[in-house]
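All remarks here apply to the structure that follows.
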Amino acid sequence: MDTAKSIPAVRVKNSKRKHFRNSRVLLLMCLPAIVFFCIFAYLPMPGLYLAFVKYNYTDGIFSSPFVGWDNFKFLIITGDLWRLTFNTVAYNIAFIVLGNIAQITVAILLNEIRKKWFKKISQTLMFLPYFISAVLIGLLAYNILSYDYGLLNGILRSLHLDPVKAYSEPHLWPFIIVITYLWQTTGYGSIVYFAAIMGLDSEIVEASEIDGANAFQRIIYIVLPWLKPTFIILLLFSLGGILKGNFGLFFNLVGANNTALYASTDIIETYVFRSLMTNFNFSMGSAVSLYQSVFGFIVVLTANWIVKKVSPENSLF
């Protein structure tokens with residue numbers, strides 16, 4: 001009886017070994033990513049205890065005085081919690097929605113180009129902004145928007161129009177930041193969607209052309225439905241960091257001490273940076289990081305639950 005029961009278990013074990021051997025190349029390719037996340041994501045996790053202590057250099061993380069939730073109170077006490085959270089989430093929603101729309105559009109347009117040399121040149125030119133440093137982007141923006149020496153105001157003055165005080169007008173910066181982000185990331189981000197389009201069965205496209213479908217109809221009824229799973233997966237991944245701002249972009253475009261623009265440009269990362277540079281409060285920085293991670297975790301679970309209800313085959317888990 002026991003022998004009969006052990007036979008299925010042995011078969012399952014052998015099946016797993018066989019599957020492992022057959023997938024060893026893929027597992028080897030995944031090894032660098034696994035090592036990366038183990039070192040930089042999982043090993044530092046005990047350091048979250050820093051968020052619950054009043055850290056000092058003498059005692060270290062685990063010997064510093066335990067203060068419980070006191071480090072989380074700074075966002076509430078200062079009254080900046082709503083503004084910081086709203087700005088961070090609003091910008092990230094704009095980045096995710098507009099960024100994916102722009103990336104899908106660029107990928108489809110690249111796919112419609114028939115001249116290979118023109119397609120390669122277009123891809124190269126669109127990829128370049130992604131590799132430009134945020135410092136250089138901030139410098140370019142300053143040379144365009146500066147009140148005294150900027151290119152924009154130089155053109156306006158030559159046309160006898162009033163110059164724009166961009167660095168004193170908070171309402172302008174949501175547009176400036178979003179446009180800059182799209183300019184920098186759209187070309188590079190379109191790679192995933194373009195690769196997905198390349199995986200589309202050419203016979204389906206040819207059949208649609210025989211049936212009389214034009215380019216617009218092929219895009220609407222074939223390409224976009226084909227990109228739906230890719231879009232959902234990328235969307236769920238992006239939602240995990242919806243409370244994590246692009247510090248490099250905001251810091252270099254706006255600066256850390258321009259109080260006139262705080263209302264529309266201040267996000268959690270820039271606020272924490274100012275706090276750390278002023279008070280050197282590392283426990284507060286860790287508390288904010290934990291707050292961001294938990295918030296993102298809840299958002300991902302909620303979004304995945306909604307996707308699972310609407311389209312189960314496209315959910316992450």
Side-chain angles (χ1 to χ4, degrees), residues 16 19-20 22-34 36-37 41 89-114 119-120 122-123 126-127 130 178 181-182 184-211 213-244 246 293 295-317:
K16 289 182 178 179
H19 181 70
F20 180 83
N22 294 336
S23 305
R24 60 182 180 274
V25 176
L26 293 176
L27 292 173
L28 185 62
M29 292 174 64
C30 293
L31 185 60
I34 295 173
F36 174 84
F37 282 107
V89 172
Y91 276 113
N92 279 322
I93 289 176
F95 293 161
I96 292 170
V97 174
L98 298 179
N100 278 280
I101 292 174
Q103 291 163 18
I104 291 173
T105 302
V106 168
I108 292 173
L109 292 177
L110 286 174
N111 184 59
E112 293 297 318
I113 297 175
R114 294 294 175 257
K119 182 184 295 188
K120 291 180 180 179
S122 300
Q123 287 178 310
M126 286 187 292
F127 292 166
Y130 183 81
V178 171
Y181 175 85
L182 294 177
Q184 185 183 20
T185 62
T186 297
Y188 185 83
S190 65
I191 294 175
V192 177
Y193 290 109
F194 185 69
I197 294 175
M198 291 294 98
L200 180 60
D201 190 350
S202 59
E203 293 182 358
I204 298 176
V205 178
E206 292 172 359
S208 66
E209 292 176 350
I210 294 173
D211 291 338
N214 56 37
F216 182 76
Q217 291 171 328
R218 290 198 307 271
I219 292 170
I220 295 296
Y221 297 107
I222 298 177
V223 177
L224 290 181
W226 178 261
L227 293 177
K228 178 183 174 182
T230 304
F231 169 75
I232 292 176
I233 291 174
L234 293 178
L235 176 64
L236 292 175
F237 285 156
S238 300
L239 289 175
I242 198 169
L243 207 62
K244 294 183 183 296
N246 191 331
S293 299
F295 187 94
F297 178 70
I298 294 173
V299 170
V300 168
L301 290 181
T302 305
N304 186 74
W305 178 81
I306 295 172
V307 171
K308 198 169 185 178
K309 292 291 184 181
V310 177
S311 181
E313 68 277 5
N314 293 320
S315 62
L316 285 176
F317 47 84

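A quick note: this is a predicted structure, and the numbers were derived from the prediction, not measured. Note that the numbering runs from 1 along the sequence shown for the chain.
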Open item on the list: Distance check, rounded to the nearest 0.5 Å: Leu31 atom CG versus Ile34 atom CD1?
Closed with: 6.0 Å

Open item on the list: Ignoring hydrogens, what is the shortest heavy-atom contact between Asn111 and Phe194? Give both atom names and the distance.
Closed with: N-CE1, 3.8 Å

- [ ] Under the ring-ring contact (aromatic ring centres under 6.0 Å, His included) rule, collect the residues that match up with Phe36, sequence neighbours excluded.
- [x] Phe40

- [ ] To the nearest 0.5 angstrom, please state how far the CG atom of Leu109 sits from the CD1 atom of Ile104.
- [x] 12.0 Å

Open item on the list: Would you say that more than 12 heavy atoms from the other residues, nucleotides or ligands in this model lie under 6.0 Å from the CE of Met198, or not?
Closed with: yes

TODO: Apply side-chain contact (heavy atoms from CB on, under 4.5 Å) to Ile108 and Leu224, showing your working.
DONE: CA-CA 9 Å; Ile108 292 173; Leu224 290 181; 3.7 Å; yes

Open item on the list: Looking at Phe127, I want to see if its CZ is surrounded by more than 12 non-hydrogen atoms of other residues, nucleotides or ligands under 6.0 Å.
Closed with: yes

Open item on the list: Here's a test for you: under ring pair (Phe, Tyr, Trp, His ring centres under 6.0 Å), which of Tyr130, Phe95, Tyr188 qualifies with Tyr181?
Closed with: Phe95

Open item on the list: So, using ring-ring contact (aromatic ring centres under 6.0 Å, His included) as the criterion, who are the partners of Phe231 when residues are at least two apart?
Closed with: none

Open item on the list: Which heavy atom of Tyr193 sits nearest to which heavy atom of Ala107, and what is that distance?
Closed with: CB-CB, 3.7 Å

Open item on the list: How close do Gln103 and Ser190 get, counting heavy atoms only, and between which atoms?
Closed with: O-CB, 3.5 Å

Open item on the list: For Ser293 versus Lys244, what's the shortest heavy-atom pair and its separation?
Closed with: OG-NZ, 3.6 Å

Task: Gap between atom CD1 of Ile191 and atom CE of Met126 - 0.5 Å precision - done: 9.5 Å

- [ ] Could you tell me the separation between the CG atom of Leu236 and the OG1 atom of Thr302, rounded to the nearest 0.5 Å?
- [x] 11.0 Å

Task: Verdict with supporting geometry, Leu227 and Ile197, side-chain contact (heavy atoms from CB on, under 4.5 Å) - done: CA-CA 7 Å; Leu227 293 177; Ile197 294 175; 3.7 Å; yes

Task: Side-chain donor/acceptor of Asn100 to backbone N/O of Ile96, under 3.5 Å - done: yes

Task: Point-to-point distance, once rounded to the nearest 0.5 Å, from CG of Leu239 to CD1 of Ile298 - done: 13.5 Å

TODO: Identify the two heavy atoms, one from Leu110 and one from Gln123, that lie closest to each other, and give their separation to 0.1 Å.
DONE: CD1-CG, 3.8 Å

Open item on the list: For Phe297, give me all partners under ring-ring contact (aromatic ring centres under 6.0 Å, His included), at least two apart in sequence or on another chain.
Closed with: none

Task: Leu28 CG to Ser23 OG distance, which is reported to the nearest 0.5 Å - done: 12.0 Å

